[in-house]
Amino acid sequence: MYDKKIDEKWQKIWAEKNCFHAVNNSDKEKFYALIEFPYPSGAGLHVGHARAFMGMEVLCRKKRMEGKNVLFPIGFDAFGLPTENYAIKTGIHPRIVTDRNIAKFTEQLKSIGFSFDWDRVIDTTDPNYYKWTQWIFLKLFENGLAYKDKTYVNYCPQCRVILANEESQGGVCDRCDSQIVQKEKEVWMLKITDYADKLLEGLDEVNFPPRVRLEQENWIGRSYGAEIDFSLANKEDKLTVFTTRPDTLFGVTYMAIAPEHPLLEKYKDEIKNYDEILAYRNEAAKKSEFERVELSKNKTGVKVDGLEIVNPVNGKHVPLWVTDYVMMGYGTGAIMAVPAHDTRDFEFAKKFNIDMIQVVANSNGEEVSLEKEAYTDIEDGVIINSDFINGLSVKDAKAKMIDYLVQNNIGKQKKNYHMKDWAFARQRYWGEPVPIVKCEHCGLVPLKESDLPLTLPEVEDFVPGEDGESPLAKVESWVNTTCPKCGKPAKRETDTMPQWAGSSWYFLRYMDPNNNDAIASKEALNYWKNVDCYNGGMEHVTRHLIYSRFWHRFLYDIGVVPTKEPYQKRSTQGLILGPDGNKMSKSKGNVVNPDDIVKEYGADTLRTYILFIGDYGMAAPWSENGVKGAKKFLDRVMRIESLVTDEDCDSKELDKELNSVIKKVSQDYEDMKYNTAIAAMMSYVNVLYKQEKVSKKYVKPLLQILNPVAPHVTEELWQKLNIGGYIFESKWPEYDESKIVSDVIEIPVQINGTVRYRINVPSDSDEKEIEKVALETPALQNYMNGKEVKKVIVIKSKIVNIVIG
RNA sequence: GCGGGUAUGGUGGAAUUGGCAGACACGUCGGUCUUAGAAGCCGAUGCCGUGAGGCGUGAAGGUUCAAGUCCUUUUACCCGCACCA
C-alpha cells in the first residue's frame, strides 16, 4: 500500500542528492521550463497552483531521463497589495509576513514532490533581486521609455492607488472590484506603445495557443487609417482626426470631439455656450465607465456654438459637437462623423437631426435605405457622391484618398493602437522604490548604478495618504537627499513600481540568481537563451505576458539578452472548479486544500488525480471519488510486486502492449495530454493483472514512464524490485515499432453503415483480398440474402462498408 | 454589440486525415474471499426492447458509402474586449 511515509523517504533522498539541480556549464542540451511563480498569499498553496505546475513538472522529469540539462526553477512574486493591506490591518511588517508565507509555500511545494531546483529560488522583494528591477528601470529611463506625465489615470479610491489599463479592465479594480475613476495625476509611464509593432511581430516567431495570440493581438489593437487635418473656419487653427475610413471623407456632416478636448479651453471666449459645454463635461466626468457603456445607446452631446469646421476636400462647413462617445484617450480625441456609414454617428445624427450623405453604395451602384441603420456592410461597396474617388472600390478609394491627402499636405497614413502606455506607479510602501531623484536644478535625475539597490526605508505606518500619496512621502530622512548630478539638496521619488515590475524579467534571473554584477552573466544568458515551455493562466495574457515580452524585447534591443522573445512556447491550464462545479472561492466554501489530499492520500495521489481530471487546458470539477480512484490505481501499481517473477514468461501479446504504452505515453506527455497517458497506463496495468506471473522486463519501463506523474511510488517499487540505482538516473525507455504491429488485424465490416461483424485478415492484405474475405463471410450472408450488393468500400486496415439495396 | 470557446451515458471524461461513439475512471449491480464487514480480485453496465431489432454526441436541416468530426441555421453556458472612430 502507498502511504505518506513513502513520500517523506524519497523527498529526503532527492534533497540529499540534490538531483534536480541545473548546472550552468554543461555540454548537454538545455531544457528550460517555466511556471508562473506564485504570489505568496496567506491562504497558502491552492490546487490550481498544483495543476499549473504539474504540466511542466511531468515534462521536466521526462526530459531529465532523456538526458537533457533541465532548468525548472521556482520563486516568489512577493510585492503586492494583499500583504501590504494585511500590514496596515495588523501592523506586522510586510517583510515578516512575506517570509512567513514563503516558508509555508516552500513546505507545501516540497510535500508534493515538485522537482524544482531549490538552489535558484528568487524573491522579488529581496534587495539583491530588486536592485536589478531598478537597473532595468534606469535603462528604460535612459532610452526615453520611462517618462513622467500629467494625465488622466485609472484610480481606485478603495485601494488608493493608480492602476494600469491592464489592471482596470471593464472599469473595475483588479484587486478589490470597486469602480475605478479617472483622476488627473502626474505619474511615471512606460512607453509600451513604442513596442506595439514589435510585440505583434514577435508573435510570429513563437508557439502560442491561438486564443492567447488572438487576445494579445486584440489587446494591442492595431488599426490602419489616416490622420486628417480639418481647419477651423476663419481661424488659422486645425482639428486633427484619426479615421480608418478616409474613403468616406465626402460623407462628413459634422465633427465631434471629446468633452476634455483642449480646443474647447482654447476658444472658450468665442464659444457662446461655453457654460453649457462645461456643465456637460462635468456630467460626463461623473459617469463611471460602466454607465458610459450602459447609456451608450442613448447618445448625448452639445453643439459648439461659435466654431465651424471646414472639410479639406470640398471646403464644406460642418458643425462641431461635443460628445462623450468620443474618447480623449483614443486617437486624437476627435472624429469626423459619417452618419451614413457608422453606427454611432448614425444614432447621434438621428437624435440631433443632422444630415447624412451616403458615399458608399451596393456593388450594383444602388443607394440603400438609411431609415433604420447605417450602411456599414460595405465589403464590396462602390464609392458615390465623392468627386475624384467616385466609382472606386472601398479599398482603392482609401488608397487614392490617402495619396491625395499626402500630396496636398492635409493628412497622412497612420497606424493607431488600442493599447495605451503603461501607468507605472503605485502609491504604496510594499513595492520597488523608483530610483529617481527630483532636483530643482537638474529635473528628474537617475541614481547611479553603483547606488543600487535603493532600499525601502522603515516606516511608522503603511497607510497611504488621503489623496493617494505613497507612505514613503512621510519618511523625510529618506525623501531628502542630494542630487546625483549637481550635489544640491533634492527629493526622492516616493511612488513605488507596480506589482508587475518584478515578474517582467524574473525568468532571466533564474539563469544566474546570485550574480552581483549583472541581471545574469553573458554565459548563462547565452546558454539558457529563453524559456522552452511556459505554462500559466489565461488571466495573464493581457497583463504579465504582454509586460514581460515588452521588457525582454527592450533588453534585446539594448544588447542585454540574446533572443527577441522570452518564451518559445506557451501553454495554459484549465481551472479546477469546486465539487459543486463553481469556481473555488472562500465565500462559496468549496475550496479544496492540497495539504489535506497529500496528508490523507499521499502526494502521488494528488499528482495523478490532478492530471487525470480531464484535458489539461479545460476546466474540470473536483471529485473526492476521483481522488480515491487515483489512489486505487497507485495501490494496484504497488501490488504488481506480487506478480513479478524471475522466470521467463515473455509473450508476443505483452510485448505489443508494452511497446504500445511506451509509445503512447511518450507522445502524450509531449502533447500535454496527461489524462490519456494515465488512462493508457491504467489499461496496461489491467493487462498485467490478467497474467499469472509477470517478468520484470514488463514492469521496469512502466515504472519509468509513470515516474513523472508518480515519482514516489515508482522509486519505491523500483527499489523493492531490486532493479538497481534510482529511476531518476535511469534512461527513458525506447519502444520497438516492429513489436507493435501484428501479423493479423481485425477489421469491422459494416452493412449500410452499421457494424455487423469483424473479420481477421493478414495485416498486409490489399483491398481486393479484404473485400473477398468480407463478402464470403458466412455470418454476413443473412444480411445480403436476396439483396443486390451495390458497392463495397474498403479502407485498408480500417473498415469495410458493404452497400446493399 | 464584436471576437473566441464549450455542449458526448447516472458522473468526470476518451475518440489521428470523416472510418467500430462512449477508451480510462467514478458510481451502480453481481460474483469471489470472509463467521461478518472492509479492502482486494473477477465480471456486467449508453437508452428503449423478453427478443430480433431500433434509437443515440445541445436542437433542426444538409453533404457523404460513412458525420461527435465537414456545411447551413439555431439554443444554452463560459471567457475576452467593449462607443476602437
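Every chain is numbered from 1, with letters handed out A, B, ... down the list of sequences.
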Touch class at under 4.0 angstrom, heavy-atom based, for Thr244(A) against every strand present: sugar-phosphate
Arg344(A) vs G1(B): side-chain N/O to OP1/OP2 distance below 4.0 Å: no
RNA chain B: 5'-proximal contact among Lys690(A) and Asn625(A) (nearest heavy atom): Asn625(A)
Glu692(A), CD atom: more than 12 neighbouring heavy atoms under 6.0 Å: no
For atom OH of Tyr609(A) and atom C1' of U11(B), their distance in whole Å: 11 Å
Separation of C65(B) P from Lys790(A) NZ (nearest whole Å): 11 Å
Flag, side chain of Thr645(A) to backbone of Lys693(A), donor-acceptor distance under 3.5 Å: no
G3(B) OP1/OP2 closer than 4.0 Å to side-chain N/O of Arg211(A): no
Base orientation of G62(B), syn vs anti, 90° cut from 0: anti
RNA chain B base-pair string [pairs: Watson-Crick or G-U under 3.5 Å; |: paired with another strand]: (((((((..(((......[....)))((((((.......))))))(((....)))..(((((..]....))))))))))))....
Listed partners of Arg213(A) passing salt bridge (charged side-chain N to carboxylate O under 4.0 Å, His left out), at least two apart: Asp204(A), Glu217(A)
Separation of atom CZ in Arg245(A) from atom P in A85(B), rounded to whole Å: 10 Å
Sugar-phosphate only, base, or nothing, as touched by Ile613(A) at under 4.0 Å among non-hydrogen atoms: sugar-phosphate
Nearest-angstrom distance from the residue atom CZ of Phe633(A) to P of A39(B): 20 Å
Toward the 5' end of RNA chain B, by each residue's nearest nucleotide, Ile678(A) or Tyr330(A): Ile678(A)
Sugar-phosphate, base or nothing in reach of Ala680(A), heavy atoms under 4.0 Å: nothing
Protein-nucleotide distance (His418(A), atom NE2; G80(B), atom C1'), rounded to Å: 11 Å
G13(B) and G31(B), which share atom name P, separated by this distance in whole Å: 33 Å
Phe352(A): ring-ring contact (aromatic ring centres under 6.0 Å, His included) partners, not counting sequence neighbours: Trp321(A), Phe348(A)
Under 4.0 angstrom between Arg639(A) side-chain N/O and C41(B) OP1 or OP2: yes
Separation of G13(B) C1' from Met618(A) CE (nearest whole Å): 10 Å
Under 3.5 Å donor-acceptor, Ser585(A) side chain and Lys588(A) backbone: yes
Sugar-phosphate only, base, or nothing, as touched by Arg213(A) at under 4.0 Å among non-hydrogen atoms: nothing
U35(B) to G30(B) separation - C1' atoms, rounded to the nearest Å: 22 Å
Residue pairs fulfilling ring-ring contact (aromatic ring centres under 6.0 Å, His included) with at least one residue in residues 671-693 of chain A, sequence neighbours excluded: Tyr616(A)-Tyr674(A)
Euclidean distance for P, U8(B) against A23(B) (whole angstrom): 16 Å
C26(B) OP1/OP2 closer than 4.0 Å to side-chain N/O of Lys632(A): yes
For Asp229(A), salt bridge (charged side-chain N to carboxylate O under 4.0 Å, His left out) partners two or more places apart: Lys238(A)
Residues which pass ring-ring contact (aromatic ring centres under 6.0 Å, His included) with Phe250(A), listed by chain and number, not counting sequence neighbours: Phe388(A)
Sugar-phosphate, base or nothing in reach of Pro621(A), heavy atoms under 4.0 Å: sugar-phosphate
ring-ring contact (aromatic ring centres under 6.0 Å, His included) involving His418(A) - partner list, sequence neighbours excluded: Trp219(A)
Sugar-phosphate, base or nothing in reach of Lys420(A), heavy atoms under 4.0 Å: nothing
What donor-acceptor contacts under 3.5 angstrom involve side-chain atoms of residues 751-760 of chain A, with partners at least two apart or in another chain?
from, atom 1, to, atom 2, distance (Å)
Asn752(A), OD1, Ile804(A), N, 3.0
Asn752(A), ND2, Ile804(A), O, 3.3

Leu611(A) CG to G13(B) P, straight-line distance once rounded to whole Å: 15 Å
Between N or O atoms, less than 3.5 Å apart, protein on one side and nucleotides 15-23 of chain B on the other: list the pairs.
from, atom 1, to, atom 2, distance (Å)
U17(B), O4, Lys798(A), NZ, 2.1
C20(B), O2, Arg758(A), NH1, 2.1
C20(B), O2, Arg758(A), NH2, 2.8
C20(B), N3, Arg758(A), NH1, 2.9

Sugar-phosphate, base or nothing in reach of Asp635(A), heavy atoms under 4.0 Å: nothing
Touch class at under 4.0 angstrom, heavy-atom based, for Asn416(A) against every strand present: nothing
Cationic tip of Lys631(A) above Tyr601(A) ring, under 6.0 Å, 45° of axis: no
Whole-angstrom distance between C2(B) and C70(B), as gauged at atom C1': 26 Å
Length of the CD1-P vector between Ile770(A) and C65(B), whole Å: 21 Å
